[in-house]
Amino acid sequence: MEEAASQLEREHVHSVYEKIAPFFNDTRYKAWPKVRQFLLDQEPGSIVADVGCGNGKYLHINENIFKLGCDVCRPLVDSAWSQGHEVQLCDGLRLPYRDGCFDAVLSIAVIHHMSTKERRIRAIKEMTRTLRVGGRIMIYVWAMEQKRRKFEKQDIFVPWNPNPPSSLALHGPARGPQRGGRSQNEGEAADSSDKHRKVRSTSSMVDDGDLATSQQKSQRLWFFSRSLDSVLDFGSLSVSRSSSREISTLCTPSDETNGPKVGWRCPRGKGLIRQMSSLFSSSRTSMEEDVFETDLQEQVKNEEIINSTEGNEAVSVGLLQDCTSVPLPDLVSYEMEQSNEMRQKENNGEKQEDDTPKQQESTASLQGCEGENEWSREKLKDSCMRYYHVFREGELTQLIENHVEELHVLHTCLDHANWCVIAEKVQVWRI
Amino acid sequence: MKLLTHNILTSHVKGVTKGYPLLIKATEVRVNEVEFNPQFVSRMIPKLEWSALVQAAEGDLPSSLIQDYENNEEFLRKVHRVLLEVEVIEGCLQCPESGREFPISRGVPNMLLNEDDS
C-alpha cells in the first residue's frame, strides 16, 4: 500500500509540480487573506514553518517572524530560495525538524495530494510533532463541496494543461499559461484590484470551465479515481486470498486480461493510472466502510454487493477516461460489467442477471467516447494529471479529532473552495 | 542555509536517536548584510539550542548565554550575525550518529531520505 501510495504521489503530484513549476511564477499572486492574517497574528520572534511551501508565496509575510519553508519539489524550492527565503527539500511525512521547535505551522493546499488517509494523518502528526505546545497549525485543503461545482468523487485526477488553446488570450495578456494547482483554488478573493483575476472563478474546476468553450466542452475537467484506501486497505476487512491474488496479478506488467477499456487508447493510458484503474475495476467494489464477512463466499459476496450498490454512487469508478463532449457515461455500469467479466473468467461462468441492460448502456457510451477520441487524446497528451483527495465537510476536523490527540481544533470554515482548519497543540497526559 | 535554520534541523534517518545537531561541512559560505532587529534576536534566543549554535558558530559565541543578554546590544549583534547573516551555500550536513550526509546546494539543504534510510 505504501509503495503504491508513494508511487501515485510521485507520478501525479511531485513530477507534475516539477513540470509546471516554471509557470507558477508567472501567475503568482498574493496570499489568501486568512493565511496572511494568521501569519501577521504571530508574535514577533516567532518561528513558523510552511510545509509544502511551493515557491514560497507565504514566506515574505511578516518580517518580525522567522519563516522557513519546505517542499519536495526542487524547482519550486529553488525558486523560493532565489527570493531570499530559507527553504529545504524534504518530505512532509518525515520532517527534518526537531520536536516542538515551531510556534506555528502552515499546511496550505498540501495534504489533499496525499493518496491515502493514513498518509494524510501521518503528515498532520509530523507537523504536530514539530509544533510547540500552545502553537497553532493552519491547514487548507480543497473542498469537495464547491460553490459552482460539486465533485462527485473524493479521489480525482485533475489535468493541468501547460499549453492552453489560443482562445485563452481572451482573458487578458497577463494571463500567460494556465494556472497551476495552487492558484486554481486561490482565485478571486485575494485581490480585488486585479481585474484579470476576476474573470476567473475560484473553483479549480470552473477555472477550466470558464475558458475557451471548445476546451470546456471537449475536455473533462477531472477524472474519477478510487481511493487507494478502499482497494488496498487490507487491515479493515477480511480480504480473501483470491482477491489478493487478483490484485497481485494486476500489478504485474502483463495485464492483457483487462482487455480494452474506454480511455486506454490515449497515449497516457500507460503508466500508473492505468495500472491503478485496472486494479480498481477488477477488485471488489466498495466504499471504505465495506466489510466482507467471510472468505468462503467472497466471490459470491462481491457479486451481490455489486448488484445491490449499482443504483447509487457507492461504487467508485476507477477508470480514467478520455474526455469528450459526450457527458461522462455511467461508468458504474461499465465498470461492473468489467468486474463481472473478470469474475466470470475466474469463476468459470457464474452469471450476473443484470448484465444485459448494463452492457447495452456501456456499449453506447463506449461508442460515444470513441468518436471524440482524436481531439481529446491530443489534449490529454499535453496535460499533467494531479492527484487530489478532496475533503468533505467535517472530514478534516474529524481526521484531527479522531487521530491526532495532541491537536485541538479551534476553528473550521469554508474559505472559497477550501476547508480551513486551525488547531492548537495541547499537552496530552497519559495516566 | 542560515545557521538559525541549522539550529532547527535534525537527522531523521530511521533508527537514529541522536540526530542532532547535524555537523556542518561547508565548501562555500556567504555573509550577507541583514537588518538588525534586537527584539527579534532576543526573542529568538530562548528558542534555540544554544550549544548547537555555539558549535556551528565556531568560536564567535560564548559557550554559555550571558546574563541579561536582552539589553546587551553588542552580544545581540554577534548573535544576529551568526543566526541570520552567515549562510552556507554549498556543502553538506552530516548526521552525527549514522554519518549519512545531506547535501546543501544552491543554499538549499536536501533532507529527502531514500527508501532505505527512512
Side-chain angles (χ1 to χ4, degrees), chain A residues 2-3 6-7 10 14 42-49 51 53 55-56 59 62-105 122 126 129-132 135, chain B residues 1-14 16-22 30 32-49 52 70 76 79-80 83-84 86-89 93 95 100 102-115 117-118:
Chain A
E2 228 359 61
E3 272 180 46
S6 41
Q7 192 181 352
R10 235 178 295 134
H14 306 168
Q42 299 304 314
E43 283 191 11
S46 291
I47 307 182
V48 179
V51 179
C53 64
N55 65 357
L59 297 175
N62 193 343
E63 53 185 28
N64 295 318
I65 63 179
F66 182 71
K67 298 136 291 191
L68 50 80
C70 64
D71 206 292
V72 286
C73 177
R74 163 68 74 187
L76 288 176
V77 165
D78 282 346
S79 170
W81 186 80
S82 66
Q83 303 290 308
H85 303 307
E86 276 295 282
V87 280
Q88 303 85 50
L89 263 171
C90 74
D91 189 333
L93 295 174
R94 304 276 296 161
L95 294 175
Y97 309 120
R98 46 182 174 85
D99 295 358
C101 57
F102 297 126
D103 297 291
V105 173
R122 267 166 60 196
E126 254 301 85
R129 176 186 69 75
T130 63
L131 202 51
R132 65 156 171 89
Chain B
M1 182 202 69
K2 300 188 176 181
L3 297 184
L4 174 41
T5 303
H6 167 261
N7 200 265
I8 295 168
L9 289 175
T10 181
S11 164
H12 49 320
V13 173
K14 196 171 189 175
V16 163
T17 49
K18 285 191 182 158
Y20 180 89
L22 292 156
R30 200 160 78 185
N32 310 300
E33 208 177 294
V34 176
E35 199 183 317
F36 175 58
N37 181 338
Q39 190 202 40
F40 179 91
V41 179
S42 104
R43 282 180 183 235
M44 201 58 70
I45 289 172
K47 302 182 188 195
L48 305 170
E49 288 288 323
E70 300 95 326
L76 290 178
V79 177
H80 164 83
L83 284 180
L84 301 172
V86 175
E87 198 178 358
V88 179
I89 306 296
L93 296 169
C95 172
R100 210 279 203 194
F102 299 95
I104 302 176
S105 68
R106 295 193 293 270
V108 174
N110 183 345
M111 310 303 294
L112 288 168
L113 292 166
N114 305 319
E115 297 304 312
D117 52 16
S118 62

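Heavy-atom basis, side chains included; hydrogens, waters and symmetry copies ignored. Chain A is the first sequence line, chain B the second, and so forth, proteins listed ahead of strands; every chain is numbered from 1.
With a 4.5 Å cut-off on non-hydrogen atoms, I45(B) does not touch chain A at all. Heavy atoms of S11(B) lying under 4.5 Å from chain A are absent altogether. Contacts between N7(B) and chain A at a heavy-atom distance below 4.5 Å involve backbone atoms as well as side-chain atoms.
The shortest side-chain heavy-atom distance between R74(A) and N110(B) falls under the 4.5 Å cut-off. Annotation: side chain of I47(A) is in contact with side chain of K47(B) (closest heavy-atom distance under 4.5 Å). Using a 4.5 Å heavy-atom cutoff, the side chains of R94(A) and L112(B) are not in contact. Using a 4.5 Å cut-off on side-chain heavy atoms (C-beta onward), E49(B) and R98(A) make contact. At a threshold of 4.5 Å between non-hydrogen side-chain atoms, the residues E43(A) and R43(B) count as touching. Looking only at side-chain heavy atoms (C-beta outward), L113(B) and D91(A) stay at 4.5 Å or farther from each other.
To the nearest 0.5 Å, atom CD1 of residue I8(B) and atom CD of residue E86(A) are 9.0 Å apart. Atom-to-atom distance recorded for L93(B):CG and Q88(A):CD is 9.5 Å, nearest 0.5 angstrom. Note that the CG atom of L83(B) and the CZ atom of F66(A) stand 8.5 Å from one another [nearest 0.5 Å]. The distance from atom NE2 of H12(B) to atom CG of L95(A), rounded to the nearest 0.5 Å, is 7.5 Å.
For chain B, the option among S82(A), P96(A), C90(A), A49(A) with the highest count of heavy-atom pairs below 4.5 Å is P96(A). Counting heavy-atom pairs closer than 4.5 Å to chain B, the top residue among T130(A), D103(A), V77(A) is D103(A).
Closest approach of S46(A) to M44(B), counting heavy atoms only: O-CE, 4.2 Å.
No more than 12 heavy atoms of other residues, nucleotides or ligands shown are found within 6.0 angstrom of CD on E63(A).
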